[in-house]
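Structure record follows, encoded as structure tokens.
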Amino acid sequence: MSQLAVQVDTVLLKVASRCNIDCTYCYVYNMGDEGWRNMPALVSEETISAICRRLAEVCQWQSRRFATVLHGGEPLMLGAKRLKKLLMSLRAVLSSDYPIAIQTNGILLTPEIIEVCDQFDATLSVSVDGPAAVHDRFRIGKKGEGTHAQTIAGISRLKEHPNSKRLFTGILAVIDPFSDPVGVYHYLKELNAPSIDFLYRDGNHSKLPFGKRSLESTEYAQWLTTVLDLYLRDPSPPCIRFLDDLIKLSLGGQGTKEGLGENEYGIFIIDSDGSVAKNDTLKSTAPGADRFEEKWSVHSHSLIDILTTDEFRSYYSLQHPTSEKCKACSELKVCGGGMPLHRWRDDNGLDNPSVYCADQQFLIGAIRKRIKLAGHTA
Ligand code: SF4
């Protein structure tokens, strides 16, 4: 194995480049990038074979287990039959210690699809932003209608499965800083998912995230600090990955996901045509920002060869912030400079602190204060 090659942690498979709903904040369809129009609506059998062949090579090449996440668009637009073929092909090269996860809006979760996931040991995380009034503000259908009821119905079907405890791994919630954090916390907790992950909204220095008045304002941190206090007081809290990581990092431990801390993660996308791309959240910065200069594809390139190129390494190094402010920041080890997409400014690219810098400092400060009050050293 080359010492210079990046190790793979997560492969995101864009198995559907279309979605059954039309969330207004979606970086794939509603933030200016039109790349999805050139992609096959659904991944073909030929592309699935090429993906599996390339993933098998990675399994041979590195001992570290990596996760494969089916993404979209909406991955369940594949339908039960195609999903079964895809998972069967993936499982033929990925043993059960390689997690396969699906990120879905939950609406198309039928008993048949859930059964297929169970059969091939694929887990499901569902996007829910909160109670109906919060969720339906942005997560809408093609005619502008709310989608909350359909998503919750999908989760109910998932929970009815005898192996739901293993299948249903979590909820992904995008923060609306105008929503009531107390109501959102209790609502998501009641859904009984083993884990909840909160996400900052997309945005950058040239296009401030929804709800942020200025670079100095801390709307998201205040919202999250209210959740933090509920979480710390709750005798039976759910697992909240974002807060857990911040707490662990503040105590000198390690985070588990990109966007916090200084760990490096080998993550890339395979699009529905088999092309290899960067993390597609970069689409929110500028059209085509998720594409490599090289036109790599699983049809013609080995992933291992791609991972050893200078271009891939320079994409990989984007995880570390380059701005002087971040490099000198006393909270760099905890914050990590945030996600690259949040560092973007039209005139100087990514050479900036996160657009959530003030929020991160506020939130990390709040965590340190509470750790100190609890008698620990942060
Ligand atoms: S984004 Fe802000 S808080 Fe985070 S490392 Fe950079 S300067 Fe520090």
Side-chain angles (χ1 to χ4, degrees), residues 9 27 31 174-175 177 181 197-229 231-232 240-265 267 278-279 281-286 289 314-372 376-378:
D9 292 294
Y27 61 83
M31 292 192 92
V174 176
I175 299 168
D197 206 0
F198 286 113
L199 291 184
Y200 283 132
R201 281 278 288 253
D202 294 337
N204 54 61
H205 290 258
S206 297
K207 200 193 292 170
L208 285 183
F210 169 81
K212 250 186 103 57
R213 274 189 322 280
S214 69
L215 289 175
E216 293 74 35
S217 66
T218 54
E219 296 85 349
Y220 282 79
Q222 290 179 49
W223 193 95
L224 280 163
T225 303
T226 303
V227 172
L228 173 71
D229 284 332
Y231 189 44
L232 294 176
I240 300 184
R241 197 281 309 172
F242 185 82
L243 294 178
D244 287 349
D245 273 4
L246 277 174
I247 293 167
K248 280 189 264 178
L249 286 158
S250 300
L251 287 164
Q254 301 287 318
T256 58
K257 204 173 154 190
E258 51 166 348
L260 290 176
E262 292 191 292
N263 281 355
E264 296 175 329
Y265 298 95
I267 303 173
K278 304 176 189 178
N279 192 327
T281 55
L282 287 167
K283 284 177 194 279
S284 66
T285 62
S314 92
Y315 153 65
Y316 184 69
S317 69
L318 292 181
Q319 292 175 76
H320 298 293
T322 53
S323 82
E324 292 308 318
K325 185 175 175 189
C326 286
K327 285 198 271 187
C329 177
S330 59
E331 297 297 4
L332 177 61
K333 277 191 162 42
V334 181
C335 168
M339 295 283 284
L341 77 131
H342 292 138
R343 292 185 217 135
W344 179 264
R345 205 174 72 195
D346 289 347
D347 59 355
N348 72 345
L350 298 171
D351 194 19
N352 305 292
S354 169
V355 71
Y356 288 107
C357 177
D359 294 276
Q360 287 289 84
Q361 295 201 8
F362 184 106
L363 184 58
I364 295 166
I367 287 172
R368 289 202 187 282
K369 216 181 282 170
R370 283 149 186 79
I371 289 172
K372 208 165 167 194
H376 298 287
T377 316

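Sequence positions, counted from 1, serve as the residue numbers for this chain. Atoms within a ligand are numbered from 1 in the order they appear, just like the ligands themselves. Just so we're clear, the structure is a prediction, and the values are computed from it rather than from any experiment.
- Under the 3.5 Å distance criterion, the side-chain polar atoms of His205 are left unmatched by any main-chain donor or acceptor of Leu215.
- In summary, Cys329 places no N/O/S atom under 2.8 Å from atom 2 (Fe) of ligand 1, failing the contact criterion.
- Remark: ligand 1 atoms within the under-4.0 Å shell around heavy atoms of Gln361 are 2 (Fe), 3 (S).
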Inset, instruction - List the steps, then state whether side-chain contact (heavy atoms from CB on, under 4.5 Å) holds for Tyr356 with Leu363. - result: CA-CA 10 Å; Tyr356 288 107; Leu363 184 58; over 6 Å; no
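- Every atom of ligand 1 with a heavy atom of Ser354 under 4.0 Å away is listed here by number and element: 1 (S).
- Heavy atoms of Gly337 approach ligand 1 to within less than 4.0 angstrom.
- At a cut-off of 2.8 Å, Cys326 is not counted among the residues with an N, O or S atom near atom 8 (Fe) of ligand 1.
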Inset, instruction - Evaluate side-chain contact (heavy atoms from CB on, under 4.5 Å) for Glu331 paired with Arg368, printing each intermediate quantity in order. - result: CA-CA 11 Å; Glu331 297 297 4; Arg368 289 202 187 282; 2.7 Å; yes
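- Side-chain N or O atoms of Ser206 include one that pairs as donor or acceptor with a backbone N or O of Asp346 at under 3.5 Å.
- Side-chain contact of Tyr265 with Gln319: a donor-acceptor pair under 3.5 Å is absent, judged by distance alone.
- Counting only non-hydrogen atoms, the option in Cys357, Ser323, Ala328 that gets closest to atom 7 (S) of ligand 1 is Cys357.
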Inset, instruction - May I have the step-by-step check of side-chain contact (heavy atoms from CB on, under 4.5 Å) for Ser323 and Arg343, ending in yes or no? - result: CA-CA 9 Å; Ser323 82; Arg343 292 185 217 135; over 6 Å; no
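- At a cut-off of 2.8 Å, Cys335 is counted among the residues with an N, O or S atom near atom 4 (Fe) of ligand 1.
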